[in-house]
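This report refers to the structure that appears directly beneath it.
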Amino acid sequence: MNYPPPPGGPPPPPGNPYPPQGYSGSQQPWPAQQPWSPGLPPKRRGGAWKWLLGAVALLVVIGVTVAVTISVTQEGADGPGPAGETFGLASADDKGPANIITEDPSCAAWSPISQTFINIERSQGWNNRNPAIPATEWTPQQRSQFDKVAQAARDAADQTVAVAKATPHRVMRELYEQFIAYARAYSDTIPHYTPADDHLARVFTSSASVIANICKAITYGSAETRAPLVSQPDAPETLAQLRDPDSPTMFVTDGDPLCADWFRLLDRFDRDTKGWQALDPALSAADWTPEQRATIDATIPVMEEVADEMEALGRATANPIVQDLATLAAQYRRAYAAALPSYTIPDSFLSGTASETTSMIWEACKALEG
């Protein structure tokens, strides 16, 4: 499935980007690309709510750039960088809370960059790679595959720097910056790649999927129609110091106590939403059976509780970027939960934003384990 879709026709059906909610758990992050169809995709066996992992993650898989220091960030100083530098950032003055984004001009600039990388990684078969094979065991063909995709990713990330400067939203900029940082870090591992390095790839693909979902929620109207249903969160007390998007650092610090609690929260959410995960995504609220509606009614308070805990975990850490991302995930999860009584297909992008953001944090924590 390509991003963005051609004009006309409905967006993809709703879904839970699973397995499981908040982290991938699979050996291959991107299943085969699928063409857009004039209507809803056919129902798939094995739980239709699972299909959106492939559909949305692949919308936006984009790349990696020149080497960057693999240090991680925990910046406490808010405001401009040294000597008042704002690096040409349109978001330099955004000090408000992480919240539902209802418009963003950077979405248009992101689309051709992402599609170019998708075309290259598909042509090289990288989406079907086996990440469990270390570089020491690659065949010449496998090494060529990884090298070519890494170069294409670097090219894409170079272009993403300008996109990060263009967005007026701080959190959107942070997503672009983390995409760049982790994509470059992953690219740097290719000469001596080990299976643990695949978590770096999963961070930048998750960040790319977050951006895709945010943009599609804007395009199909779910962000604008559902944003009024949730209260605005508090603004952060501390912001990350501004930096040049061409020199970002990875956002999860070594030994961040958030990680263990984040793992437990997502595991519990997975266990408590099995019924929702099994529902047919092609059905809107008007088409649910009484049993399906009962499942949804039972799921809504679970999502609301989890959203509150996500935000609380984020605010408990000293890492301002984690705070922003956890609040962003919580807000989109709340909006999706609030939308469920009158659910329509575009609301799936609210859920996708929440789940891919939680996945991004999960994978960043896992990347530290080596």
Side-chain angles (χ1 to χ4, degrees), residues 17-31 53-54 56-58 60-65 67-74 117 121 126-138 142 145-146 149-150 153-154 157 174-211 248-267 270 313 317 319 321-322 325-326 329 355-370:
Y18 184 87
Q21 185 78 296
Y23 55 93
S24 65
S26 70
Q27 290 297 314
Q28 299 180 17
W30 303 294
L53 173 66
V56 174
L58 190 57
V60 39
V61 175
I62 41 187
V64 182
T65 272
V68 70
T69 304
I70 305 183
S71 60
V72 288
T73 182
Q74 185 172 356
F117 181 79
E121 61 91 7
W126 187 68
N127 57 306
N128 293 318
R129 74 195 185 283
N130 183 351
I133 302 175
T136 54
E137 299 178 15
W138 284 343
Q142 288 171 321
Q145 173 196 78
F146 277 81
V149 169
R154 289 186 180 101
E174 290 169 346
L175 289 167
Y176 287 126
E177 289 172 340
Q178 293 311 308
F179 162 75
I180 294 168
Y182 279 89
R184 289 174 172 175
Y186 173 72
S187 221
D188 289 345
T189 70
I190 296 306
H192 48 84
Y193 171 86
T194 65
D197 296 325
D198 198 59
H199 289 296
L200 299 174
R202 292 170 187 263
V203 177
F204 79 75
T205 56
S206 292
S207 66
S209 292
V210 176
I211 297 166
T249 54
M250 299 191 294
F251 74 107
V252 174
T253 60
D254 189 15
D256 195 319
L258 166 106
C259 291
D261 290 334
W262 199 256
F263 296 156
R264 285 192 291 268
L265 179 61
L266 296 188
D267 285 342
D270 172 47
L313 285 176
T317 180
N319 187 319
I321 297 179
V322 170
L325 295 181
S355 62
E356 291 295 341
T357 306
T358 60
S359 176
M360 182 180 171
I361 297 172
W362 193 96
E363 294 290 351
C365 287
K366 282 293 181 181
L368 296 177
E369 296 179 359

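Excluded from the calculations below are hydrogen atoms, water molecules and symmetry mates; all remaining heavy atoms, backbone and side chain alike, are included. Just so it is clear, the model here is predicted, and its values are computed rather than measured.
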Checklist line | Closest non-hydrogen atom pair, A201 against R129 | finding: CB-NH2, 4.1 Å
Notebook entry, point to check: Minimum heavy-atom separation for V252 to Y182, with atom names?
Noted result: N-OH, 3.7 Å
Check: Which class fits the ring pair W138 and Y193: parallel under 30°, tilted 30 to 60°, perpendicular over 60°?
Finding: parallel
Margin query: Nearest 0.5 angstrom please: Q145 CD to N128 CG, how far?
Written below: 8.5 Å
Notebook entry, point to check: So do the side chains of L325 and L175 get within less than 4.5 Å of each other, counting heavy atoms only?
Noted result: yes
Margin query: Using every non-hydrogen atom in the two residues, find where Q178 and I321 come nearest and quote the distance to one decimal.
Written below: NE2-CD1, 3.9 Å
Check: Short question: side chain of S359, backbone of S355 - any donor-acceptor pair under 3.5 Å?
Finding: no
Next item on the list: Using a strict cut-off of less than 4.0 Å between a Lys/Arg side-chain nitrogen and an Asp/Glu carboxylate oxygen, indicate whether E369 and K366 qualify as a salt bridge.
Entry: yes
Next item on the list: Could you tell me which non-hydrogen atom of S187 sits nearest to which non-hydrogen atom of A150, and how far apart they are?
Entry: OG-CB, 3.3 Å
Margin query: With rounding to the nearest 0.5 angstrom, report the CD to CH2 distance, E356 to W362.
Written below: 13.0 Å
Check: Where is the tightest heavy-atom contact between D197 and Y186, given as atom of each residue plus distance?
Finding: O-CD1, 3.4 Å
Next item on the list: State the CD1-OG1 distance between I211 and T357, to the nearest 0.5 angstrom.
Entry: 9.5 Å
Notebook entry, point to check: Do T358 and L265 come close enough that some side-chain heavy atom pair is under 4.5 Å?
Noted result: no
Notebook entry, point to check: Measuring from I190:CD1 to H192:NE2, what's the distance to the nearest 0.5 Å?
Noted result: 9.0 Å
Margin query: Would you say that L200 contacts M250 through its side chain, given a criterion of any heavy-atom pair below 4.5 Å between the two side chains?
Written below: yes
Note to self: What I'd like to find out is whether the side chain of F204 reaches to under 4.5 Å of the side chain of I180, using heavy atoms alone.
What the structure shows: no
Item checked: Approximate separation, where rounding is to 0.5 Å, of L313 CG and R264 CZ -> 9.0 Å
Next item on the list: Hey, could you give me the CZ/CZ distance between R184 and F179, rounded to the nearest 0.5 Å?
Entry: 9.5 Å
Checklist line | Derivation and outcome, side-chain contact (heavy atoms from CB on, under 4.5 Å), residues C365 and F263 | finding: CA-CA 9 Å; C365 287; F263 296 156; 3.6 Å; yes
Check: Considering all heavy atoms of both residues, which atom of P191 and which atom of A135 are nearest to each other, and what is their separation?
Finding: O-CB, 4.0 Å
